[in-house]
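Step one of this worksheet: look at the structure below.
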Amino acid sequence: MTLIKLISDTLAMGKQALVFVNTKRGAEKAAEELAHSIRNVQLTELSAEILHALSKPTKQCERLARTIEKGIAFHHAGLVQKQRELIEDNFRTGDIKIICATPTLAMGVDLPAFRSILKDLKRYGHRGLEYIPVLEYMQMAGRAGRPKFDSYGEAICIATSEAQKDELIERYLKGDPEDIFSKLAVEPVLRMYVLSLLAAGFVRTKKQLFDFFSKTFFAHQFEDLGKINALIEKILQLLEEWEFITSSGSQDFTSALDLGNEHYKTSLMGKRVAELYIDPLTAHEFVLCLQKAASMKTTDFSFLQMVSSSLEMRPQLKMRVKESEEIQQELMKNEEFLLAGEPSLYDYEYDSFLDSIKTTLFFSEWIDEKDEEYLLERFNIRPGEIRVKLDIADWLLYTSEELVKILNFKPLIKDLSKLRIRIQNGVKEELIPLLKFEQVGRVRARILFRNGIKDVADVKKADFSTMVSLLGKNVAIIVKKQVGQDFAKIEVKENKRKGQISLRDY
DNA sequence: GGACGGTGAAACTTCAGGTTGCCTC
DNA sequence: GAAGTTTCACCGTCC
């Protein structure tokens with residue numbers, strides 16, 4: 001109620017506002033409630049554009065389109081890039097008046113508004129609902145006030161009770177922001193930097209490494225160089241064990257002066273890992289998996305599971321309680337094809353392992369041509385999140401291909417590159433030949449295939465009029481041109497043949 | 001007497017985001 | 001911790 005009043009007041013002033021909430025669902029709900037109270041706004045065109053951002057709208061697209069029509073948007077990581085851009089651009093032009101958002105909006109984009117309304121100052125964390133850091137509060141509150149249009153801005157926190165009101169004032173209005181901590185100490189990051197520095201030839205000895213890190217913000221902050229050096233030492237040992245680097249020179253220390261002076265060299269593999277920019281631990285685990293793969297029967301599931309188990313893929317899709325049985329079943333079905341090891345049932349890692357299986361299943365369904373709506377329903381993953389996961393999988397599969405080349409496991413290269421194309425496009429293997437064509441993705445390739453046009457030769461043979469009925473005139477011309485047939489100048493009427501499935505019907 | 005349906009209380013679930021990785025000419 | 005969802009006991013109605 002308070003929120004609606006605040007918003008209608010903002011609108012009456014002819015101003016815009018951002019509303020920050022703590023969950024995606026919350027953002028959608030708030031936007032819907034607000035949209036419900038709006039009368040005389042009708043952004044039909046924009047709404048349609050938002051709705052058709054994907055080849056087939058999902059429930060999320062429909063919800064968004066409905067609120068957008070009223071000039072109200074919700075904004076979170078579940079939206080695809082195009083929708084986010086449309087919202088941001090149209091907020092800047094002033095067509096969209098209100099955005100209800102998760103912290104996405106405060107982090108990246110520069111979108112100032114007259115009012116910044118902070119509806120939730122608590123968020124689910126390790127210990128239940130926790131107050132968000134003061135720094136984050138400042139990020140969100142700082143969105144208020146547009147330098148070009150307003151001489152000031154208003155940031156408004158909504159308290160849930162009188163008692164909370166005082167708490168908010170003390171904590172946020174009067175409070176100091178937290179200290180900033182270096183993230184370098186996190187092992188994956190340190191692993192990558194140590195290897196990179198060596199691979200780039202920036203440093204060659206342990207001593208130089210110690211030196212380098214002693215000049216970082218991390219060292220400045222902790223002051224305890226001994227601790228940092230011990231960490232670096234441990235990482236060097238691992239990198240050597242994994243055969244990414246080798247050390248040479250004074251191994252048996254004849255004098256204390258030699259300590260830290262042995263030279264490190266990066267192996268071919270180590271150099272590539274550094275270039276690929278993945279965590280050396282992931283690379284090492286991939287190497288083990290790929291070695292295993294070279295000597296067993298593998299399926300798509302195998303490689304997708306390998307990729308889904310990596311740190312890079314985190315957070316994985318979370319297994320819901322009621323899915324437990326189903327996931328376990330799928331696991332049993334595919335057990336013989338697993339590449340990444342299965343932890344013991346009592347290991348605390350086991351939950352994460354099941355999550356990785358769910359993630360693997362999600363990828364499997366994607367390359368089985370399931371659409372976004374299905375994936376949303378089945379896996380509770382939204383379109384925007386799908387894109388992010390696919391992008392990471394693509395990169396990791398590319399990395400695997402490169403590792404396989406160095407390992408010289410030639411037969412695996414083909415499997416991996418096929419899988420990669422399928423991940424990029426979300427298609428079954430049979431459509432791969434058609435994807436070579438510009439302007440042909442999963443949807444058009446499937447239409448062609450269903451009508452008996454299955455590869456380059458078929459496209460060459462196919463009637464132009466058939467192609468037009470399937471793909472539309474413009475796309476048909478572009479596709480035909482790619483097999484050396486120029487229909488651009490020939491005037492052709494679009495005559496849809498009976499019984500054939502056209503793009504529009506799909 | 002039993003099938004069915006409606007109701008509400010209790011129990012159970014779920015919960016933000018993301019940078020740049022690479023290259024195929 | 002709070003909002004949303006599912007489960008379940010309980011009751012009344014109808015056949």
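Chain letters run A, B, ... following the sequence lines, proteins first and then strands; every chain starts at 1. Both backbone and side-chain heavy atoms feed into the values below; hydrogens, waters and symmetry mates do not.
- For the pair A:R314 and A:E275, nearest-nucleotide mapping onto DNA chain B gives the more 5' position to A:R314.
- Remark: A:Q291 CD is packed, more than 12 non-hydrogen atoms of other residues, nucleotides or ligands lying under 6.0 Å away.
- A:E323 has its CD atom 15 Å from the C1' atom of B:dC12, to the nearest Å.
- For B:dC22, the base is not stacked against the aromatic ring of A:Y398, per a cut-off of 5.5 Å between centres and 30° between planes.
- The side chain of A:K122 contributes no N or O atom lying less than 4.0 Å from OP1 or OP2 of B:dC15.
- Look at A:K24 and you'll find a side-chain N or O under 4.0 angstrom from OP1 or OP2 of B:dA16.
- Note that A:R420 lies outside the cation-pi zone of A:W395, set by a 6.0 Å cut-off to the ring centre and a 45° limit from the axis.
- Taking atom P on both nucleotides, C:dG4 is separated from B:dA16 by 13 Å, rounded to a whole Å.
- Remark: A:R272 is in phosphate contact with B:dC23, judged by side-chain N or O atoms under 4.0 Å from OP1 or OP2.
- In this structure, the CG atom of A:L390 is 17 Å from the C1' atom of B:dT20, given to the nearest Å.
- The side chain of A:H76 approaches B:dG17 more closely than any other nucleotide in the set B:dT14, B:dG21, B:dG17.
- Within 6.0 Å of the CD atom in A:E178, the count of heavy atoms belonging to other residues, nucleotides or ligands exceeds 12.
- Here C:dG1 is the nucleotide among B:dG21, C:dG1, B:dG17 with the atom lying nearest to any side-chain atom of A:L129.
- Each of A:K322 and A:H75 has a nearest nucleotide on DNA chain B; the 5'-most of these lies closest to A:K322.
- Within 4.0 Å (heavy atoms only), A:R387 reaches no atom of the nucleic acid at all.
- At the heavy-atom level, A:L276 lies under 4.0 Å from the strands shown only through sugar-phosphate atoms.
- Residue A:D279 is classed as having no contact, given no heavy-atom separation below 4.0 Å to the nucleic acid.
- Straight-line distance from the CG atom of A:D391 to the C1' atom of B:dT20: 9 Å, rounded to whole Å.
- Around atom OH of A:Y193, no more than 12 heavy atoms belonging to other residues, nucleotides or ligands sit under 6.0 Å away.
- Remark: A:N22 is not in phosphate contact with C:dA3, judged by side-chain N or O atoms under 4.0 Å from OP1 or OP2.
- Atom CZ of A:F202 is surrounded by 12 or fewer heavy atoms from other residues, nucleotides or ligands within 6.0 Å.
- Shown here is A:K271, whose NZ atom has no more than 12 heavy atoms of other residues, nucleotides or ligands within 6.0 Å.
- Between the NZ atom of A:K318 and the P atom of B:dC15 there is a distance of 6 Å, given to the nearest Å.
- Among the heavy atoms of the strands, none lies under 4.0 Å from A:E401.
- Among the nucleotides B:dT14, B:dA16, C:dG4, the one closest to any side-chain atom of A:K29 is C:dG4.
- Side-chain proximity of A:Y124 to the nucleotides B:dC15, B:dG17, B:dC22 is greatest for B:dC15.
- One finds no side-chain N or O of A:R123 lying less than 4.0 angstrom from the OP1 or OP2 phosphate oxygen of B:dT14.
- The nearest whole Å value for the distance from the CD atom in A:Q139 to the P atom in B:dG18 is 13 Å.
- Remark: C:dG12 base-pairs with B:dC4; criterion is Watson-Crick or G-U wobble with both hydrogen-bond distances under 3.5 Å.
- Of the listed nucleotides (B:dA16, C:dA2, B:dC22), B:dA16 has the atom at the smallest distance from the side chain of A:P103.
- Close to B:dG17, at under 4.0 Å from its OP1 or OP2, lies a side-chain N or O of A:T102.
- At a threshold of 4.0 angstrom between heavy atoms, the contacts of A:D394 with the nucleic acid are absent.
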